Amino acid sequence: MTPDQLLEILKTAGKLKENTRHCWISEDRKESVADHSWRTALMAMLLSGEPEYARLDLNRVIRMCLIHDLGEAFTGDIPVFLKGQDDTGREDELFRQWVMSFPEEIRGEWIDLLEEMQAMETPEAKLYKALDKLEALIAHNESDLSTWLPLEYDLQLTYGQENMSFSPYLQAFREAVNHWTKQKTNTC
């Protein structure tokens with residue numbers, strides 16, 4: 001890959017720093033897509049010492065976490081409660097078209113990762129998806145209740161629950177996040 005090719009890829013990926021998500025980090029700043037992707041990858045890295053994940057390729061999971069929302073560099077973020085299958089398909093297609101412009105020596109890995117994430121059949125893809133959902137819940141809990149929509153009180157306790165079902169560790173972690181949500185919303 002030439003330095004110019006690398007720069008072009010990084011400029012496009014850098015749009016994730018500007019594209020904001022639904023939740024607020026502070027009174028005057030919304031979370032960026034890059035904020036979300038970074039912490040999702042950090043979560044995967046932190047799990048590397050957990051015996052339950054010893055057989056998984058956590059480097060691959062981290063890579064999935066880092067690239068999973070790059071389609072949003074083209075579409076922006078659409079909150080889960082507004083995002084439809086057409087939106088997801090468009091985002092994936094724009095991501096795929098962008099990756100096809102990459103130098104051949106890296107294009108294959110990125111396409112393989114995208115296909116693995118979409119198929120959701122490998123333990124690595126399932127872990128990435130669960131972490132993606134969990135990070136969104138954590139970020140939402142960090143935002144002030146005044147920024148929550150009424151539908152989010154229930155959604156916060158149900159969102160992505162099925163994505164944790166394969167992992168006893170993530171089920172326990174989800175319970176800790178749910179406990180935090182209930183404390184925050186005074187529904188303990």
Side-chain angles (χ1 to χ4, degrees), residues 16-17 19-26 29-72 76-83 87-88 91-92 95 113-114 116-145 147-149 151-188:
L16 295 187
K17 296 191 298 184
N19 290 351
T20 57
R21 290 172 56 86
H22 174 68
C23 76
W24 291 82
I25 289 178
S26 63
R29 183 174 177 271
K30 280 190 162 189
E31 176 188 37
S32 74
V33 178
D35 294 327
H36 164 71
S37 296
W38 167 78
R39 188 158 61 180
T40 303
L42 181 63
M43 291 166 68
M45 184 178 172
L46 289 167
L47 292 177
S48 65
E50 290 301 319
E52 181 178 337
Y53 308 113
R55 295 172 296 127
L56 274 64
D57 181 349
L58 285 174
N59 181 48
R60 192 164 183 82
V61 176
I62 291 167
R63 293 165 104 73
M64 288 178 192
C65 292
L66 287 171
I67 72 166
H68 80 279
D69 276 337
L70 277 166
E72 293 180 13
D77 181 66
I78 302 170
V80 66
F81 49 85
L82 297 176
K83 194 172 201 171
D87 298 314
T88 300
E91 185 180 301
D92 288 347
F95 177 78
L113 287 169
L114 177 62
E116 185 175 349
M117 290 185 293
Q118 289 172 334
M120 290 296 298
E121 294 172 352
T122 66
E124 288 81 4
K126 290 175 183 177
L127 179 57
Y128 127 74
K129 182 53 91 175
L131 296 176
D132 177 35
K133 305 284 186 177
L134 284 162
E135 197 291 324
L137 295 170
I138 291 166
H140 203 64
N141 270 351
E142 291 172 331
S143 46
D144 192 271
L145 276 177
T147 66
W148 287 32
L149 300 173
L151 66 87
E152 291 175 304
Y153 286 80
D154 288 332
L155 186 60
Q156 188 71 3
L157 294 171
T158 60
Y159 178 63
Q161 192 74 39
E162 66 283 357
N163 296 100
M164 284 96 212
S165 63
F166 75 97
S167 167
Y169 184 91
L170 291 182
Q171 289 174 13
F173 185 59
R174 174 59 190 258
E175 284 305 312
V177 173
N178 283 351
H179 180 72
W180 178 19
T181 301
K182 291 173 184 176
Q183 285 181 319
K184 181 177 185 77
T185 60
N186 295 314
T187 57
C188 291

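All values derive from a computational prediction rather than experimental measurement. Atom set for the values below is all heavy atoms of this structure, side chains included, hydrogens, waters and symmetry mates excluded.
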Between L155 and H140, is there a side-chain heavy-atom distance shorter than 4.5 Å?
no
K83 atom NZ, neighbour heavy-atom count above 12 within 6.0 Å
yes
Does any part of the side chain of E175, heavy atoms only, come nearer than 4.5 Å to the side chain of N178, both counted from C-beta?
yes
Is there a donor-acceptor contact under 3.5 Å from the side chain of E152 to the main chain of L149?
yes
Can you confirm whether K133 sits close enough to R174 that some side-chain heavy atom of one is under 4.5 Å from a side-chain heavy atom of the other?
no
Mind listing the closest non-hydrogen atom pair of L145 and K184 along with its distance?
CD1-O, 3.2 Å
With a 3.5 Å distance limit and no angle check, can you tell me whether N19 reaches the backbone of E72 through a side-chain donor-acceptor pair?
yes
One should read off an interatomic distance between T147 OG1 and W24 CH2, to the nearest 0.5 angstrom, of 8.5 Å
Is there a donor-acceptor pair under 3.5 Å between the side chain of K129 and the backbone N or O of G160?
no
Whether E52 side chain and Y169 backbone form a donor-acceptor pair below 3.5 Å:
yes
Between the side chain of E124 and the main-chain N/O of D57, is any donor-acceptor distance below 3.5 Å?
yes
With side chains defined as the heavy atoms from C-beta onward, is the minimum distance between I138 and F173 less than 4.5 Å?
yes
Close side-chain approach of T181 and L137, heavy atoms under 4.5 Å
no
Can L170 and K126 be said to form a side-chain contact (heavy atoms from CB on, under 4.5 Å), step by step?
CA-CA 11 Å; L170 291 182; K126 290 175 183 177; over 6 Å; no
Roughly how far apart are D92 CG and D87 CG, rounded to 0.5 Å?
11.0 Å
Sidechain-backbone polar pair: S165 side chain, E162 backbone, donor-acceptor under 3.5 Å
yes
Under 6.0 Å from the CZ atom of R55, do we count more than 12 heavy atoms belonging to anything else shown?
no
Can you tell whether the side chains of R21 and E142 come within less than 4.0 Å, N to carboxylate O?
no
If you count the non-hydrogen atoms of other residues, nucleotides and ligands that lie under 6.0 Å from CE in M45, is the total more than 12?
no
So which heavy atom on G71 is nearest to which on F95, and how close?
N-CD1, 3.7 Å
Min side-chain heavy-atom separation F166-P123 under 4.5 Å:
no
Look up atom CD1 in I62 and atom OG1 in T40, then write down how far apart they are to the nearest 0.5 Å.
11.5 Å
Determine, for K30 against D77, whether the closest basic-nitrogen to carboxylate-oxygen distance falls under 4.0 angstrom.
no
Measuring from atom CG of D132 to atom CE of M117, what distance do you get when rounded to the nearest 0.5 angstrom?
10.0 Å
What one should report as the nearest heavy-atom pair of M64 and A125 is SD-CA, 3.8 Å
At what distance, to the nearest 0.5 angstrom, does SG of C65 lie from NE2 of H36?
8.0 Å
Report yes if the distance between the aromatic ring centroids of H22 and F81 is under 6.0 Å, otherwise no.
yes
For L58 and L127, which heavy atoms make the closest approach, and how far apart are they?
CD2-CD2, 3.5 Å
Side-chain contact test, heavy atoms from C-beta onward, threshold under 4.5 Å: evaluate it for D69 versus E91 and give yes or no.
yes
Using every non-hydrogen atom in the two residues, find where A41 and L66 come nearest and quote the distance to one decimal.
CB-CD2, 3.7 Å
Would you check if V61 and L47 make a side-chain contact, meaning some heavy-atom pair closer than 4.5 Å?
no
Can you confirm whether R63 is buried at CZ, in the sense that more than 12 heavy atoms of other residues, nucleotides or ligands lie under 6.0 Å from that atom?
no
